Each structure stands twice: as structure tokens, then as C-alpha cells.
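Just so you know, ligand 1 is whichever comes first in the structure, and atom 1 is the first atom listed for that ligand. All values reported here derive from a predicted model rather than from experimental measurement.
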Amino acid sequence: MTDQAISSVTARRVWDSRGRPTVEVEVITAGGAMGRAIAPAGASRGTREAVDMRDGGTALAGLDVKGALTNVATLIAPKLAGMDVTDQAGVDQAILSLDPSPMKSTLGGNATVATSLAVMHAAAAAKGEAVWQHAAALSGQTPTLPLPEVQIFGGGAHAGQRVDIQDFMVMVPGAGSFDEVMEVTAEIYRAAGSIMQQRGALAGVADEGGWWPVFDHNEQALETLVQAIELAGETPGERVVISLDIAASEFGREGRYRLALENREMGREEMIGLLGKWLDTYPIASIEDPLAEDDTEGMRQFTQTFGDRVQIIGDDYLVTNAGILDQAIADQCCNAVLIKVNQIGTVTEALKCLRRAREAGYGTIVSARSGETEDVSISHMAVGFGAGQLKVGSFTRSERMAKWNECLRIADALPAGRYVAGQPLSQTAWARNWKGAA
Ligand code: 2PG
Ligand code: MG
């Protein structure tokens with residue numbers, strides 16, 4: 001057995017940011033290198049994404065993960081024993097051979113993703129490298145710091161459907177460094193809080209740490225976000241732009257969209273018209289899941305109409321699945337893809353989707369889930385995969401800040417010049433809603 005051979009794979013139950021059970025896996029090599037990773041969990045999930053194995057029943061609201069832990073111990077661990085930990089593709093293939101189901105329902109996506117990520121960490125440790133360095137070796141990309149997308153107001157499934165739209169975020173493509181992005185974002189977050197307080201509308205935070213959305217209608221959140229950007233001393237559309245995750249699958253089906261907050265039901269065309277009005281009125285440079293996952297026609301129309309001026313991200317629509325992305329490329333839907341490793345279940349499959357996106361000229365955004373932990377794998381993947389953008393949630397709560405702070409550490413370790421202000425947006429034809437774009 002060489003030093004890089006996997007000698008043990010063990011799983012334990014740990015707890016996520018919503019206080020729900022989740023799967024942590026530790027991988028140890030014969031040489032004593034160790035890697036550890038924790039499965040995150042979504043709330044607004046695509047219907048075609050990998051499924052977590054949950055035990056059901058009444059305890060812990062049916063969300064316990066004992067079955068997934070057993071699968072790691074009895075199925076995955078013996079299969080991976082002796083394999084070269086640096087052979088991520090080989091390891092992931094071995095995991096897939098145990099679970100050929102389309103949505104990882106045999107082993108559980110929570111079991112597969114925690115194992116696959118732990119292998120990536122253990123391989124880096126075995127090579128004496130940082131995880132982002134090893135991730136760059138896997139992807140063949142030049143490690144680059146990502147442009148953050150940071151949530152200021154939560155909504156949708158992350159805020160008890162208090163408003164219909166899920167994420168009201170900012171990006172700072174005009175900043176000169178990652179550190180500067182953090183500083184500008186901190187000021188905007190604070191300004192948004194003080195505006196809510198003045199209005200008597202400060203009511204805590206949503207699942208990802210964004211301010212709780214006490215608004216009379218959805219657009220009021222956008223108006224308030226613009227005010228917050230201004231109160232922070234910025235001109236909206238210059239250094240700072242707005243990014244939205246509509247998460248339309250949460251309130252749209254079969255071409256009909258219902259905004260509960262406004263008691264308004266719309267057809268596809270009206271929904272596209274409403275979003276178009278927002279794109280005309282606010283400096284929105286990026287919009288995610290503008291139409292529902294079952295609305296290919298709507299997504300095509302939206303992309304055709306607005307795809308040359310704004311980044312259109314498929315999340316629930318694409319579920320980090322290279323096959324589904326291929327279909328979307330053929331359908332001319334979206335121009336960017338959200339990369340969530342647990343949507344597909346293994347590092348290798350996520351990387352495949354990211355590569356496919358890059359080949360097609362689509363943008364790539366590595367993303368956290370709404371249920372997160374101290375695990376910082378995605379910071380390393382965003383850098384090592386050269387994804388260009390990173391979405392983590394807000395600017396509070398340590399499961400979010402851990403990821404931003406890890407990027408600051410990586411920034412110090414990277415050679416100078418690996419953060420190019422606004423590059424992910426300005427190098428593309430889309431996102432012309434940002435004044436700084438070429
Ligand atoms: C999303 C994510 C993160 P969830 O929709 O992009 O904001 O949410 O993890 O609940 O799917
Ligand atoms: Mg989303």
C-alpha cells in the first residue's frame with residue numbers, strides 16, 4: 001500500500017446551520033493524511049437534483065441521516081479502501097458504480113458528496129498542498145479569486161415566504177481586491193439594517209443571514225437595496241451592482257406565476273415583462289432562475305430578450321447536471337450555471353458541468369446551500385476551479401463568514417494579481433446592466 005492509498009472512510013452525524021442533522025465524512029490515507037467534509041442541504045431544491053437520504057419517521061422531523069451514515073460505513077468505505085486518494089475521478093466513479101440511480105437515491109447524495117469532498121481534502125493533505133491548489137490540479141485551471149455575490153435581504157423559502165423573491169444580493173465588480181469587496185459589502189449590509197431599523201422593520205435575519213424581508217411588495221426590497229447602496233456611499237450601477245435569485249420554481253408552475261405577497265397571478269409573458277421592468281429600473285447585473293424549472297419556453301424567451309445585457313443563471317433549472325446543461329445550451333436557455341456539488345453528488349460530476357459551461361461560454365458560479373456548516377470546501381473549489389464567482393449567502397453568521405474569510409486567507413497565499421476587478425462580468429457580453437462593463 002502506498003502512502004496515498006485510502007485506509008479508512010468514516011462518517012459521523014453533525015449538525016447544520018438550521019440545526020438539522022447532516023453527514024460528515026473523514027478520509028484517512030495509509031500515510032496518515034486526513035481530509036474531512038460535511039454535506040450541506042438546500043431548502044429551495046430543484047426536482048432533478050441529487051436527493052439526500054433522510055430516515056423519515058417522527059424523530060428530528062424525519063430528517064435524521066443514520067441510513068446515509070450506514071451507507072458510508074458499509075458500502076462506500078470498503079469500495080474505496082486501497083484506492084489512490086489523489087485519483088478523484090476514479091474514486092467518484094467507484095462511488096457511482098455503487099449508485100447508478102439518476103439522483104443518488106441508493107446511497108444518498110449527502111453520503112456521496114461528503115465522501116467525495118473529503119477525498120479531495122485528504123488528497124490535498126497527502127500532497128502537502130492547500131485544497132485550492134489541489135482543486136486547480138484537478139481542473140487544470142489557473143487559481144483565481146472569485147467575485148462574491150452577497151445576500152443583503154433573504155426571502156422565499158429562506159424566510160417563510162415573507163416575500164416571494166428569494167435572494168436580494170450585491171456584487172462589487174468595481175472593487176480592486178477581494179478585501180475591498182468585503183469592506184464595501186459590510187457597509188451596504190449595515191446600511192440596509194439601519195434603514196430597516198428606522199422603518200421599524202428590523203426583524204432579525206433569514207436562513208442565510210440576510211435581513212428578514214419586512215416589505216409590502218417584492219419591488220420594495222429592490223428599492224430598499226438601492227437606498228442601502230446609496231447610504232453606504234456608493235452609486236448603484238458603478239462599483240456595486242445588484243444580483244437577484246428569483247427562485248421562480250417556488251411560485252411558478254406550467255407557465256403560471258403567483259406572487260403571494262401581492263396576491264398577483266401572472267402568465268409567462270407577464271412574468272417576463274415584470275422582470276424586464278426591474279432590469280430597466282435597477283442596476284441588476286445577474287438574475288438566477290427567473291422562470292421556473294419546468295418553463296423551458298419562458299427561459300428561452302427570457303434569455304433571448306435579456307441575455308445580452310444580464311447574467312442569467314440556471315440553478316434549480318440546471319442542477320449542476322452536465323446533461324441538463326447540454327439540453328439548455330441546445331435550447332438557448334441561460335448564459336451561466338450555478339455549481340452546487342451536492343446537487344449532483346460528486347466533485348468530478350460538478351467539475352464536468354463546470355467544464356461544459358466554460359466550453360459553451362456560460363458563466364460559472366460556485367454556490368453554497370441555505371443549510372450550511374463550517375465546511376469551506378466551496379471557497380477552495382471556487383478558486384481552484386477558476387469559477388470566477390462565488391455565492392455563499394449573507395455577510396453574517398459563521399457558516400457564511402467562514403467561506404468569505406477562507407477566501408481572504410487564500411488571497412494572501414495566491415500570487416499577486418489573481419483578482420482582477422470585475423473580470424467575470426466585464427469579460428462577457430452580458431451584464432451590460434453594469435455601467436463598468438465594456
Ligand atoms: C439557491 C440556494 C442558495 P437552497 O437557491 O441558490 O441561496 O438555496 O440551498 O435552499 O437551494
Ligand atoms: Mg437559487
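- In summary, Glu288 places an N/O/S atom under 2.8 Å from the Mg ion (ligand 2), meeting the contact criterion.
- Under a 4.0 Å N-O distance rule, the pair Asp315/Lys340 qualifies as a salt bridge.
- Protein heavy atom closest to atom 7 (O) of ligand 1, with residue, atom name and distance, is Glu208 OE2, 2.8 Å.
- By the 4.0 Å N-to-carboxylate-O rule, Lys352 lies too far from Glu349 to be salt-bridged with it.
- Looking only at N/O/S atoms, Asp315 comes nearest to the Mg ion (ligand 2) through OD2.
- Of the residues Val150, Leu147, Ile365, the one that meets the side chain to side chain contact (heavy atoms under 4.5 Å, CB included) test with Lys391 is Ile365.
- For Arg256 and Glu254, the salt-bridge test fails: no basic side-chain N is under 4.0 Å from an acidic carboxylate O.
- Contact annotation: for Leu338 versus ligand 1, heavy atoms closer than 4.0 Å belong to the side chain alone.
- Distances from atom 11 (O) of ligand 1 to the heavy atoms of Ser367, Ala43, Ala41, Ser44 show the closest one on Ser44.
- For ligand 1, the atoms closer than 4.0 angstrom to any heavy atom of His158 are 4 (P), 7 (O), 8 (O), 10 (O).
- Among Arg369, Lys340, Glu372, the residue whose heavy atom sits closest to atom 1 (C) of ligand 1 is Lys340.
- Between the side chains of Gln197 and Ser194, no donor-acceptor pair is found at a separation under 3.5 Å.
- Within ligand 1, counting atoms from 1 as listed, the ones closer than 4.0 Å to a heavy atom of Asp167 are 7 (O).
- Closest N/O/S atom of Asp245 to the Mg ion (ligand 2): OD2.
- Ion pairing of Arg54 with Asp64 is absent here, as no side-chain N (NZ or NE/NH1/NH2) approaches a carboxylate O to less than 4.0 Å.
- In terms of N/O distances under 3.5 Å, ligand 1 is not approached by Arg45.
- Distance from atom 6 (O) of ligand 1 to its nearest protein heavy atom, with residue and atom name: Lys391 NZ, 2.7 Å.
- Counting the atoms of ligand 1 from 1 in the order shown, those under 4.0 Å from a heavy atom of Asp245 are 1 (C), 5 (O), 6 (O).
- Counting protein heavy atoms only, atom 5 (O) of ligand 1 is closest to Gln166 NE2, 2.8 Å.
- Contacts between Asp289 and ligand 1 below 4.0 angstrom, taking non-hydrogen atoms only, are absent altogether.
- With respect to Arg356 and Asp326, a salt bridge is recorded, a charged nitrogen being found less than 4.0 Å from a carboxylate O.
- Contact annotation for Asp316 and ligand 1: no heavy atom of the residue comes within less than 4.0 Å of the ligand.
- At distances below 3.5 Å, at least one donor-acceptor pair connects side-chain atoms of Asp99 with backbone N or O atoms of Ser101.
- Using a 4.0 Å cut-off between charged nitrogen and carboxylate oxygen, Arg18 and Glu372 do not count as a salt-bridge pair.
- Here Arg12 pairs with Glu26 in a salt bridge; the nearest charged N to carboxylate O distance falls below 4.0 Å.
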